[in-house]
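Written out below as structure tokens is the structure these notes cover.
Each chain gets a letter, A, B and so on, in the order its sequence line appears, and its residues count up from 1. As the structure is a computational prediction, the values presented were derived from the model and not from experiment.
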There are 2 protein chains.
Amino acid sequence: MTKASGRRSRRPTMVDVAREAGVALSTVSRVVNADPTVGAEFARRVQTAIDTLGYRPDEQAQQLRRGTSRTIGVAVREMSARNPLMAEFERGAYASGLTVFAASTADDEERERAVVLSMARRGFDGVLVEPIGPDHSYLAPEMAAGLAVVAIDRPIAGPATDAVLADNAAGIRMAYRQLADHGHTSIAYIGDHERIFTARERADAFRACLRADGRPVTGMVHPGETEQARISEALRAVLSTESPATALVCGNVTTTFGVLTHLAAEVPRDRRPALVGFDDFPLAGLLDPPMTVIAQDSPAMAHAALELMTARLAEPERGPEWVTVPVRLVARGSGERAPVR
Amino acid sequence: MTKASGRRSRRPTMVDVAREAGVALSTVSRVVNADPTVGAEFARRVQTAIDTLGYRPDEQAQQLRRGTSRTIGVAVREMSARNPLMAEFERGAYASGLTVFAASTADDEERERAVVLSMARRGFDGVLVEPIGPDHSYLAPEMAAGLAVVAIDRPIAGPATDAVLADNAAGIRMAYRQLADHGHTSIAYIGDHERIFTARERADAFRACLRADGRPVTGMVHPGETEQARISEALRAVLSTESPATALVCGNVTTTFGVLTHLAAEVPRDRRPALVGFDDFPLAGLLDPPMTVIAQDSPAMAHAALELMTARLAEPERGPEWVTVPVRLVARGSGERAPVR
DNA sequence: ATGCTTTGAGAAAACGTTATTTTCGCGTTA
DNA sequence: TAACGCGAAAATAACGTTTTCTCAAAGCAT
């Protein structure tokens, strides 16, 4: 209360505490960090000074001095979208005493770079990133300087990092198998653009399924932008041939929604194809028919990511590791319908 | 390359650049900050040194020194859940040259405190917070020290802050009116627990609607936990009286999902009540019947929040301001069904 | 008593910046 | 020619911590 004459009160600092308690600055630091070499009487005096002043250490200065922040950043395409993985990861990290801050890359390569670099230059110890573009060489110097990088959902092109991936190929095979087992012989795939790693893996796996079954590939695989117009177009192409597809595999949730929207609007209920979607979503069970999906194991993926992250933080020189997490089929009805016609 | 003998390379710092360019530390700083008083030749030399070394300023040290970070934090209940508001806010902030980092409070009061305090002590300039508990007095010293606080979705109890709220009461009135206009005379409400501000506002508004219509309130308003069991119980109570409700207003998305789940499992299609839900959600239009909802204007709310935030950053002493954003009714079918029986 | 370790606190240097002050070279003016 | 002013670079002092070093006092054995 001595010199704070201005309206705006400054945050109390260690120096203030030291003055209040009548001890040296370094003694305050030792008390704050529970250094056992500080005497009981001194500790008490400092503690009361801390309490009366409402002192809180400045984490920024701490980190600058310590060179570590116990903070890890999450750079993900969309924070806002349903992203159970991030929630799981955050929970786990919190339990390990790590702070997690997230920022979204908005599916923009340049933005990802800016976000991740900003995290690195703020002293974040690690970054969990859902990589966007084909070039991640900007990460190399940061990693050399000690930034722990774990890729999620897709691997990072360029420097070798840890990665957690879903078993996309197995998921597609399960979807295909389920439809084939229910009598479908003409199965088509509609998915995301193949510039995206997961979309590429899934489309490739689907083509492999067709080939393994001795069925024609041409005209049955439709990757592309996830806009309604493109999806509707693909659907029309697939459903209006002389021997139309009786079943569909959707490559991701956006595609699934687009397909459902199109079918609801333009295809009579009793002529709709059987459907299996990649990725589960809320309400999937309340649709008519309930939606059969390939569900990713978000908790397991988050757990794996956290494991990799903490392992790398502890031992920065370890070799990069990839973890592939199994997926599972959730049969709800849409994928178990018999072929129409 | 002179002394970096260890495997792990240090990030280059201003001192390194200064040494490389053969100038003083402060000259490097001036070049980095585009100070016009630096000579062309010096600027060039420093710039090449920066490029060859790959120097990037340490934002942490910058912020410590500058006392400002142009960073604002978002503390929201669930980052992972669909939260279009946050996405909008982030986009706008990015356009204004602000960095946004988000952390989730997991609906836990203590966690909120930890997260927000951590943001403050890291030098974040502002915090957008979706407040949890009844006591936010911990914010007072931070605000006194200059932290800009904007509450979203609910006001903050304790220190007076800016806030952006949805017009909950008007939304409930629109929902009630829509159902009444379609012939319903027995309308019930199921919603979230009234410890939550929005739930309280909505339940209160619904009671007011009943009273204004001269209808009994008892037994028609069911706020509570959003667990399936509680919701099912409320539904049974409301639907199994001698004059059962023919229409329902759901107080939030979770409740809506719970109600839909219960109805799908236990009530034959032709005996289901009309439904209006608070908050829109994806796939609402693909349900059977398509779901009528009260939709919040997330972009408008995000925009308002950003306005308040920037205004406060610019002028910390301005009076707190509350902005109420209108909602709108999206009629899709479920709220326009005539009463059964 | 003397010397030697131990304990515990203070002083000061660092972390990587930016802001302020000092210094210096040089052209201008009296 | 000396004083002056000015532009531009160098030096230095912060920002709020942690950590290393120093050093006085106390404890203990000889």
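OP1 or OP2 of D:dA9 has not a single side-chain nitrogen or oxygen of B:Thr37 nearer than 4.0 Å.
DNA chain D lies under 4.0 Å from at least one heavy atom of each of the following residues of residues 48-72 of chain B: B:Leu64, B:Arg65. Contact check of residues 23-31 of chain A against DNA chain D (heavy atom, cut-off under 4.0 Å) returns A:Leu25, A:Ser26, A:Ser29.
Taking atom CZ of residue A:Arg45 and atom C1' of nucleotide C:dA9, one finds them 11 Å apart after rounding to whole Å. For B:Asp16 and C:dC15, the CG to P distance is 10 Å, given to the nearest whole Å. For the pair A:Asp35 CG and D:dT17 P, the computed distance is 17 Å after rounding to whole Å.
Side-chain contact between B:Arg318 and B:Leu308: present, with at least one pair of heavy atoms (C-beta onward) separated by less than 4.5 Å. Side-chain contact between A:Val116 and A:His136 is absent, with no heavy-atom pair separated by less than 4.5 Å.
Residue contacts shown for B:Val32 are absent, as no nucleic acid heavy atom lies under 4.0 Å away.
Taking the charged nitrogens against the carboxylate oxygens, A:Arg45 and A:Glu20 have no contact shorter than 4.0 Å, which rules out a salt bridge.
For the helix from C:dA1-D:dT30 to C:dA30-D:dT1, the end axes, each set by the C1' atoms of five terminal pairs, are bent relative to each other by 70° (nearest 10°).
Taking the six-membered ring where the residue is Trp, B:Phe124 and B:Phe101 present tilted rings, their angle falling between 30° and 60°.
Within a 6.0 Å radius of CZ in A:Arg121, other residues, nucleotides and ligands contribute more than 12 heavy atoms.
Of the candidates B:Glu109, B:Glu130, B:Glu112, B:Glu130 is the only one forming a salt bridge (charged side-chain N to carboxylate O under 4.0 Å, His left out) with B:Arg77.
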